[in-house]
Amino acid sequence: MELAENMTEIFSGGGYNPFAVHSAEAALALLQIECFDGMVTDLRLPGMSGIDLITVLRQAGSCTPAILITAFADAATLARAGLAGVLDVLPKPLDFERLFQLVDDGTARRCCEPPH
């Protein structure tokens, strides 16, 4: 099972209503028609990176809280993530308790309006 499907199952079991997409471009398309309380993205995605995805969203005016997960959390990645407006960076393997805490903290900052 892929991480996205695994996380979808875990979040569904936790009372969330998650959506999984498999590329940054698919996420951008979905975010144009739907408002979400938060986003969890991997650094390495097909197409653009998770940081690039968040950067594009910020440039478009989105303030959706974003959590970045990665197995490659070096200083340069952390700096780029901070500049992109990432809520937090979590290393792999994931600490799901910490991830749930960050998601809860992030969704408390809900800031987007549903599309018209």
Side-chain angles (χ1 to χ4, degrees):
M1 179 180 286
E2 284 190 30
L3 181 59
E5 282 79 22
N6 191 10
M7 289 178 61
T8 299
E9 265 189 39
I10 290 169
F11 277 100
S12 292
Y16 296 91
N17 186 22
F19 286 81
V21 294
H22 297 284
S23 71
E25 292 78 11
L28 287 171
L30 184 60
L31 288 162
Q32 288 180 8
I33 59 171
E34 186 70 44
C35 177
F36 292 93
D37 293 336
M39 174 177 54
V40 178
T41 185
D42 202 315
L43 173 64
R44 294 193 173 177
L45 299 171
M48 72 176 76
S49 75
I51 292 174
D52 292 338
L53 167 63
I54 295 163
T55 300
V56 168
L57 291 172
R58 296 295 180 256
Q59 290 171 346
S62 172
C63 59
T64 300
I67 299 164
L68 184 73
I69 60 174
T70 184
F72 307 97
D74 58 25
T77 299
L78 295 174
R80 284 185 57 225
L83 290 173
V86 172
L87 179 66
D88 207 339
V89 177
L90 287 180
K92 292 179 184 176
L94 290 176
D95 174 347
F96 281 98
E97 185 175 317
R98 177 75 178 133
L99 179 59
F100 275 115
Q101 179 185 9
L102 286 170
V103 168
D104 286 343
D105 290 350
T107 58
R109 301 177 191 181
R110 184 174 198 263
C111 61
C112 68
E113 294 294 325
H116 302 288

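No hydrogens, no waters, no symmetry mates; every other heavy atom, side chains included, goes into these values.
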Undergrad: To the nearest 0.5 angstrom, please state how far the NZ atom of K92 sits from the CG atom of L3.
TA: 5.5 Å
Undergrad: Could you pull out the closest heavy-atom pair between T64 and G38, with the gap in Å?
TA: CG2-CA, 3.7 Å
Undergrad: I51 and A81: which non-hydrogen atoms are nearest, and at how many Å?
TA: CD1-N, 3.8 Å
Undergrad: Is the shortest side-chain heavy-atom distance between E25 and L53 below 4.5 Å?
TA: no
Undergrad: If a pair satisfies ring-ring contact (aromatic ring centres under 6.0 Å, His included) and one of its residues is in residues 75-104, list it, with sequence neighbours excluded.
TA: F11-F100, Y16-F100
Undergrad: Do you know which two heavy atoms are closest between S23 and P46, and how far apart they sit?
TA: CB-O, 4.1 Å
Undergrad: Do L57 and M39 have side-chain heavy atoms sitting under 4.5 Å apart?
TA: yes
Undergrad: Output a table of donor-acceptor pairs, distance under 3.5 Å, between side-chain atoms of residues 83-91 and any protein atom two or more places apart or on a different chain; print 'none' if there are none.
TA:
from, atom 1, to, atom 2, distance (Å)
D88, OD2, R98, NH2, 2.9

Undergrad: Working to the nearest 0.5 angstrom, can you tell me the gap between M7 CE and S12 OG?
TA: 11.0 Å
Undergrad: With the side chain counted from C-beta on, respond yes when T8 and F19 share a heavy-atom pair under 4.5 Å apart, and no when they do not.
TA: no
Undergrad: Run the side-chain donor-acceptor check on residues 67-80: report pairs under 3.5 Å with partners two or more places apart or on a different chain.
TA:
from, atom 1, to, atom 2, distance (Å)
T70, OG1, F72, N, 2.8
D74, OD1, A76, N, 3.3
D74, OD1, T77, N, 2.7
D74, OD1, T77, OG1, 2.7
T77, OG1, F72, O, 3.4
R80, NH2, D52, OD1, 3.3

